[in-house]
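Only one structure is covered here, and it is reproduced in the block below.
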Amino acid sequence: MINWVRQFLGPKKYLKELIKYGITGGTGAIVDFGLLNVLVLVFKWPVYESVVGAFIFSSIVTYVMHNHWTFRAKRGIHYLFVFMLSSLIGLIINVSIMYFLIEGFDWYYNFAKLVAILVALIWNYGSAKTLIFRNKKK
């Protein structure tokens, strides 16, 4: 059983990277949720506009953390553009799920946001790892 877990998780390097990804993602989620609620509750922005604003800001925070800490890739500003394009798909997933849950099932926007973040996590990790922060062969 232990060998199976080791094989599933891979080398310690990847486990450490996955933990860092989770911490970075958690930080991004806190920024996203926090700014979403500030925009909705304090500035009285509509929910969907707040979702977009909070998502863009948290994506930039997440990119910086991934670039300098999670993946230690030290990518240039042009990779931020690629990251933001990839994040646009994550935003579409996010807003679509939120719209479906809020409009279709009358969910509270924070609960819908939580589900949207969890679903978009799969896309976000895969695209970050394969498109932006992949290790270049030397």
Inset, instruction - Start with the C-alpha distance between N110 and F33, add both sets of side-chain angles, then the distance that settles side-chain contact (heavy atoms from CB on, under 4.5 Å), and finish with yes or no. - result: CA-CA 8 Å; N110 278 322; F33 266 105; 3.7 Å; yes

Legend entry - Centroid separation F105 to F100 less than 6.0 Å: yes

Legend entry - Side chain proximity check, V31 to F57, heavy atoms < 4.5 angstrom: yes

Legend entry - Trace of the side-chain contact (heavy atoms from CB on, under 4.5 Å) decision for M84 with I60: CA-CA 8 Å; M84 292 307 287; I60 293 169; 4.2 Å; yes

Legend entry - Straight-line distance of I56 CD1 to L91 CG, nearest 0.5 Å: 6.5 Å

Inset, instruction - Would you give the length of the straight line joining atom CD1 of I97 to atom CG of L114, rounded to the nearest 0.5 angstrom? - result: 11.0 Å

Inset, instruction - Give a yes or no on whether I30 and Y109 share a hydrophobic cluster (residues Ile, Leu, Val, Met, Phe, Trp, Tyr; joining criterion: side-chain heavy atoms under 4.5 Å apart). - result: no

Inset, instruction - Quick one: list whatever passes side-chain hydrogen bond (donor to acceptor under 3.5 Å, both in side chains) with S86, sequence neighbours left out. - result: S127

Legend entry - 4.5 Å side-chain heavy-atom contact, L35 and F55: no

Inset, instruction - Could you check K113 against I117 for side-chain contact (heavy atoms from CB on, under 4.5 Å), going step by step and ending with a plain yes or no? - result: CA-CA 6 Å; K113 180 67 175 178; I117 284 175; 3.9 Å; yes

Inset, instruction - Begin with the C-alpha distance, continue with both residues' side-chain angles, and end with the deciding distance and a verdict on side chain to side chain donor-acceptor pair (under 3.5 Å) for T24 and T62. - result: CA-CA 6 Å; T24 299; T62 301; over 6 Å; no

Legend entry - Value rounded to 0.5 Å, distance of CE in M98 from CD1 in I93: 14.0 Å

Inset, instruction - Starting from the C-alpha separation in whole Å, work towards a yes-or-no answer on side-chain contact (heavy atoms from CB on, under 4.5 Å) for H66 and Y21. - result: CA-CA 7 Å; H66 281 322; Y21 183 85; 3.1 Å; yes

Inset, instruction - Could you grab the distance from atom CG of N124 to atom CG of N94, nearest 0.5 Å is fine? - result: 8.0 Å

Legend entry - Linked, directly or transitively: V52 and V47 (ILVMFWY side chains, under 4.5 Å): yes

Legend entry - The single option from V42, V38, L36 passing side-chain contact (heavy atoms from CB on, under 4.5 Å) against V40: L36

